[in-house]
Amino acid sequence: MTIQEVQQEIVDEFGMLTDWMDKYSLLIELGNDLDGFDEAQRTDQNLIEGCQSKVWLHAWLNNGQIQFMADSDAIIVKGIVALLIRVLNNRTPDEILQSELFFVDKIGLKEHLSPTRSNGLVSMIKQMRLFALAYKAKMEK
Amino acid sequence: MTIQEVQQEIVDEFGMLTDWMDKYSLLIELGNDLDGFDEAQRTDQNLIEGCQSKVWLHAWLNNGQIQFMADSDAIIVKGIVALLIRVLNNRTPDEILQSELFFVDKIGLKEHLSPTRSNGLVSMIKQMRLFALAYKAKMEK
Amino acid sequence: MNYPIEAIRNDFPILTQQVHGKPLVYFDNGATTHKPRQVVEAMEEVAFRYNSNIHRGVHTLSNLCTEAFENARQTVASFIGAHNSHEVIFTRGTTESINLVAYSFGETFLQSGDEVIISGMEHHSNIVPWQLLQKRKGVVLKVIPVLDNGQLDMEVFRSLISRRTRLVSVTHVSNVLGTINPIEEIIEIAHQHNIAVLIDGAQAVQHLAVDVKKLDCDFYALSGHKLYGPTGIGVLYGKEKWLNQMVPYQGGGEMIQTVTFEETTFNELPYKFEAGTPDFTGAIGLAAAVKYLQNIGLQKIHAYEDELFNYAFEKLQALGNITFYGTAHIRGSLISFLLNGIHPFDAGTLLDKMGIAVRTGHHCAQPLMERFKIPGTIRASFGLYNTTSEVDALVNGLVKVRQLFG
Amino acid sequence: MNYPIEAIRNDFPILTQQVHGKPLVYFDNGATTHKPRQVVEAMEEVAFRYNSNIHRGVHTLSNLCTEAFENARQTVASFIGAHNSHEVIFTRGTTESINLVAYSFGETFLQSGDEVIISGMEHHSNIVPWQLLQKRKGVVLKVIPVLDNGQLDMEVFRSLISRRTRLVSVTHVSNVLGTINPIEEIIEIAHQHNIAVLIDGAQAVQHLAVDVKKLDCDFYALSGHKLYGPTGIGVLYGKEKWLNQMVPYQGGGEMIQTVTFEETTFNELPYKFEAGTPDFTGAIGLAAAVKYLQNIGLQKIHAYEDELFNYAFEKLQALGNITFYGTAHIRGSLISFLLNGIHPFDAGTLLDKMGIAVRTGHHCAQPLMERFKIPGTIRASFGLYNTTSEVDALVNGLVKVRQLFG
Ligand SMILES: Cc1ncc(COP(=O)(O)O)c(C=O)c1O
Ligand SMILES: Cc1ncc(COP(=O)(O)O)c(C=O)c1O
C-alpha cells in the first residue's frame, strides 16, 4: 500500500467512530499496543521535548527503506505516534519526502498538530522528514 | 481684611462673571497688571518648575509679615499668582499657616490646582506655606 | 452561605460558552481568571468617553483620564494596604514587577558575591530574573528546599542566611502546590538580618487578604489578569525607601524631571518607574476588578472558595488511586494531582473533550517538577464563580478518563 | 476624494463628546489616538468568548486564544512588512521596545567607549534609555544636530560616524516638528559601516506606509495606542540575526526552554523576548486596529490626512503672527507652532474651554525645546477622523485666544 492508501485506510477506520470517546479509546489502544522504548533507549539524543509530553524517535536505514521506532510518555500522543509510524514506516526517503500527511486532520486530531500544542508531535514529524532527507543524501553518495 | 475676607471678595468679583471668556479675560488682565520679575530676578533659586509653565517666587519678612513677589511665564498662571498674592501678602506666618484657600475652587479654577496640571501652582502654594513655616521658626528664636 | 453565585456567574458571559458541545467548566483560574462585565465596561468607558494621554495635558479629556488613572492607583493601594499610593507602580504583570526589582535593586544594592534567596517552589518568573542577574553581576542564588508535604524547609532557610544575603524573594502562594507560605515569619527573620523581602503575590491576592503594611514586606508583585482584571497590567508595590534609592528600570517619557544630553534628572515616585505611556486603560480596568471583588466582599469570596476547595478535595480523595501534591490544609484555592498511571497531558486532553478546562504540565515551575520527579500535574484552580456542581463535573470527568484507560 | 468620513466618525463614539458644552475637537492624536468600536469589540470578544492563558494549555479556550494571539502577530508582521512573524515582539509600547534594544543589544554588543548616535529631535524615550546605558556601560552618546528648518544635519551625521559607532537610533517622524527623516539614507549610510539602525516609528506607522523589509532597518519600534489600538501594547520588530544573538531582556514564564537552578536555556523567537503572560487581549486589539486601517485603505487615509494637513497649514499661516517649527513640505500629520507673544499653556487652556484639545508643552523632547529656545509649542496632530471643519474650529479658536489677549 502507498502512503496515500494507508492514510485513507486510517481515515476509514476512524470514520466509523462518531463519538470522540471511541476515537480516543482507539488511540489509547494503539498507544498501548505500540512497543515503547526501554529506559536505556530513551536517550537525550532520541528525545523530542514537547512542553507537555515527550516523544522519542529512532530511525535507521534497511534496504533503502527507513524504519522508525518511537515512543511517548503520554498515551494519546503515543497513539498518534503509532499512526504516524504505520503511515511512514518502511518507506524510501523519496516516498516520505513526497508525501503529504492529511489523515491527522481528517480524523479530527488536527489540534494535536498545532504548533502551540507543544506535545512534541509537530517536531517529531519534522524530524521524520529530516531523517528522510539525511538518508536520501547518504544513499545518493 | 482677613484672608477669609479677601477670598470672599475675589469670589464675589468672579461671581459676577458667568462666561468663561470674561473670567479668563480678567485673569489675563490680572496677570498683565502684576509686576513681573526682571530677568536677573528669575533665578534658579526662585524658580518653581511646572512641566507646562514656570513660576518664580520670592519672599521676605517685613515687620513680622511676609511679603511675596511672584511671576510666571504663562499669563493665566500669572493671573492666578496675582490672586494668591493678593490673598496671602502682608500676612503673619500664623495667618498664612492657619488659612484655608477656598477661592480658587469657588471661582471655577480648581483644575489649575490639580497636582497633575503641572503648571507650578500647586508647588507655589506649598512653597508659600513653607516660607511661612520657616519665618515662624525664625521669629520664635 | 449567602453567596450570590447566580448573580456573579451572570457577570461573566464567557461562562455560558459551550466547549465541544458541553458547557464550559473552567478550572484554569490559576493561569488566568475571566473578566466580569464591569471590568470590560470600565475599559469601554475609557475608550468611548475620555481616552486621552495622561499627565501633562492641559485639555479636559487628558485631565479626566489622568484622574481616573490616579484613582485606580489609589484603589489598588488601599486594596493591598499600601502606605502611599506612590508606592504602587503599574507594570505589565508579576513577571515584569520581579524583573524590575531584580534589575533596579540589583544594580543599586547588589555586588558580586552578594546572595539572593529564592525557594524551590518558585515560578520561572521568580527564578530566571535572578539567574540573569547572577550572570550579569555574579550574584549568588540560594534555594530554600521544598519538603515532601509541599512546605518550605524553614530550618534550611534560616541556615541559608549569611552576611552576604541581600534579598529574599519567595512566592506567597505556590501556583503548583497551593501552599501558603509563612511569609510573615520569613519577612521577620529576614528583617532581623536587615534583608529585604520580595513577595510574589500572583497566586495570593485573589484568594487571601493581603496587607503589605502589616506584612511589612519590602516589595509585593501581582498580576491583574489573575485578579479578574485585564491582561497586560500588574503591580509592583515597593517601600518608598527602596524605590527612592533604586536606579530606574526603563527610560522614557514621564519618568524624567528634566532631560538634557548632558544630564537627566528623574521624576518622583511612582513615575520614576513608569517610563512611557502607561496602560491607563488596563489600570482603570484593574481598579474596576478590585472594586468588583470589594463589592461582593473579599471575606465572602475567600470563604466561598475555601468551601469549594474542601468539597473538591474530599471528592477527589474519594476517587482513590490519586496522588496529591502539596498538603491539604494550608493551601490556596487550587489542587494539583495525578491520576496514578495516567499522564497529565492525556487526562487534560480528555477532560477538554468534556468541556472541562484544567491546566496540565509543569506550570512554569520545572525545578519543582524535578523535585517531585514528575512530568507535570493536573491542576484544578478555583475562582469566585465556580460551583460545586462544576466540581462534580470534574470528578465525573476523571472517572470517565479512567474508564477510557480501561 | 472618496473618503467615508461620516462612517469613520461613527466608529469612534468618543468624538461625540461635549467638552465644556462644546463639541470635542480632538487634535491630540500625536499623544494618543482614539479607538474605533471594532477594536473595543475585538477585545470584548476575547474577554467574553475565549479569554484564557495562551501557549502550553491543552484546553480549547487556551488554544483559541493562542491562535488569535499568533494571528495578531501575523497581522502586525504583514502590516509593517516583516520577513517573519517571529521577528515581531509584543512589548508595552515604543518606550519599552527601545529600552529592550538598549538593554539587550547593549549588553550583548556594546563595550565601554562604543558609540551610539541619536538625534537632537528625539523623544525622551529615545534619549534616556541610551543615557542609562551610558551610565552603566560607559557607552558614548553622539547627537545629530537639528537644522533651523527642523531637518537633521546629514553632513554632521556622516562625520559623527566612527569606528566605534555600533548603533544609530533615530525617529522616523518627529513628534514635535513633524519632520519625516530620511531614514532610508541614514540606514544606507550606517550599513555601509556595518552599524545597526533602530527606528522609532511611534509617529510614523499611523501616517506613512512602513515596510521594514524595504527599509532594511535592524529594529523598528511602535506603539499600539498611537495607531488606533489599545494602550499597553506595542511592537518591536527586530532582525532575526540580532534577536537571536541578544541576551534576553526579562526573565520569566514562556521565554524559557528549560529551567534548572544550575542552568536555564531560552526559548526561540519571539518568545525569548516575551517573558510573562503577554497582553494577548491588547495584541488582538492592535491587530483589529490594523485591520480597521487596512479596511479603509492605508493610502486613502494617508492622502486624506495630507489634505487635512495642507488645509490646516494654509489656514494657520493666513492667521499671521504665528511661528511654525519644522518645515512644511516633508512632514507627518502634525503642526507645531506658537502664536507670537502667547505662552502655549495659555493658548492650550483657552482652546480647551472651546472644546478643542491640542497638546502644549515640551512634548517629551526637552533638548529640542532648548535647541529652539522655547518653553514649548502648541501641537495640533491629526487623525483619520478629523475634518476640515474641525480645523476651522481650531483656527477660530486661535483667533479668539488672540482677542482675549487684547
Ligand atoms: C517619537 C516618539 N517616540 C516615542 C514615544 C513614546 O511612546 P510610548 O509612550 O507609547 O511608549 C512617543 C510618544 O509620545 C513619540 O512620539
Ligand atoms: C506564582 C506565580 N508567579 C508569577 C507568575 C507570572 O505572572 P505573569 O505571567 O502574569 O507575569 C505566575 C503566573 O503564572 C505565578 O503563578
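This one's a predicted model, so the numbers in the text were calculated from it and none came from an experiment. Letters A, B, ... mirror the listed sequences (proteins, then strands); counts begin at 1.
Interface remark: D:Phe266 contributes side-chain atoms only to the contact with chain C (heavy atom separation under 4.5 Å). When heavy atoms are compared at a cutoff of 4.5 Å, C:Met255 approaches chain D solely by way of its side chain, counted from C-beta outward. Using a 4.5 Å cut-off between heavy atoms, C:Arg136 touches chain D through its side chain atoms alone. Proximity to chain D is absent for every atom of C:His363, based on heavy atoms less than 4.5 angstrom apart. Contact of C:Tyr50 with chain D is made through the backbone alone, with heavy-atom distances under 4.5 Å. The parts of C:Thr60 that come within reach of chain D are both its backbone and its side chain, each placing non-hydrogen atoms under 4.5 angstrom from that chain. With a 4.5 Å cut-off on non-hydrogen atoms, C:Gln250 touches chain D through its backbone and its side chain both. Only the side chain of D:Asp28 comes within contact range of chain C, with at least one heavy atom under 4.5 Å from a heavy atom of that chain. With a threshold of 4.5 angstrom between heavy atoms, C:Val247 does not approach chain D through any atom at all. Heavy atoms of C:Val19 lying under 4.5 Å from chain D belong exclusively to its side chain. For D:His20, the part sitting under 4.5 Å from any heavy atom of chain C is the side chain, from C-beta outward, and nothing else. For chain C, the nearby parts of D:His34 are the backbone and the side chain; heavy atoms of each come within less than 4.5 Å.
Side chains of C:Lys135 and D:Glu107 form no contact here, defined as non-hydrogen atoms less than 4.5 Å apart. In this structure, D:Leu24 and C:Leu61 have side chains that are in contact, with non-hydrogen atoms separated by less than 4.5 Å. Between D:Thr281 and C:Pro230, the closest side-chain pair of non-hydrogen atoms is not below 4.5 Å. In this structure, the side chains of D:Phe261 and C:Ile118 come closer than 4.5 Å at one or more pairs of heavy atoms. Using a 4.5 Å heavy-atom cutoff, the side chains of C:His225 and D:Asn51 are not in contact. Considering only heavy atoms from C-beta on, D:His59 comes within 4.5 Å of C:Arg359 through its side chain. Considering only heavy atoms from C-beta on, C:Gln366 comes within 4.5 Å of D:Ile256 through its side chain. Under the 4.5 Å side-chain criterion, counting only non-hydrogen atoms from C-beta, C:Arg37 is in contact with D:Phe48.
Listed for the C:Ser125 side chain is a donor-acceptor partner under 3.5 Å among the backbone atoms of D:Gly253. Looking only at distances, no side-chain donor or acceptor of C:Asp279 sits under 3.5 Å from a matching main-chain atom of D:Ile233.
Note: C:Glu44 CD to D:Met43 CE = 11.0 Å, rounded to the nearest 0.5 Å. Here the OG1 atom belonging to C:Thr231 is positioned 9.5 Å from the CZ atom belonging to D:Phe69, to the nearest 0.5 angstrom. Taken from CD1 in C:Ile127 to OG1 in D:Thr260, the straight-line distance is 9.0 Å, to the nearest 0.5 Å.
For the set D:Val39, D:Leu141, D:Thr258, D:Leu64, the count of heavy-atom pairs under 4.5 angstrom toward chain C peaks at D:Thr258. For chain D, the option among C:Lys35, C:Glu41, C:Glu96, C:His123 with the highest count of heavy-atom pairs below 4.5 Å is C:Glu96. Chain C forms the most heavy-atom pairs under 4.5 Å with one residue out of D:Gly276, D:Gly234, D:Pro367, and that residue is D:Pro367. Between chain C and the options D:Val143, D:Thr360, D:Thr94, D:Leu133, heavy-atom pairs under 4.5 Å are most frequent for D:Val143. The choice from C:Val128, C:Thr32, C:Thr95, C:Asn99 that makes the most heavy-atom pairs within less than 4.5 Å of chain D is C:Asn99. Interface check for chain C: of the options D:Ser52, D:Pro36, D:Gly355, the most heavy-atom pairs under 4.5 Å are formed by D:Ser52.
Closest heavy-atom contact between C:Gly251 and D:Pro129: O-CG, 3.5 Å.
Every residue two or more places apart in sequence or in another chain was checked for a salt bridge (charged side-chain N to carboxylate O under 4.0 Å, His left out) with D:Glu45, and none qualifies.
Within 6.0 Å of the CZ atom in C:Arg49, the count of heavy atoms belonging to other residues, nucleotides or ligands does not exceed 12.
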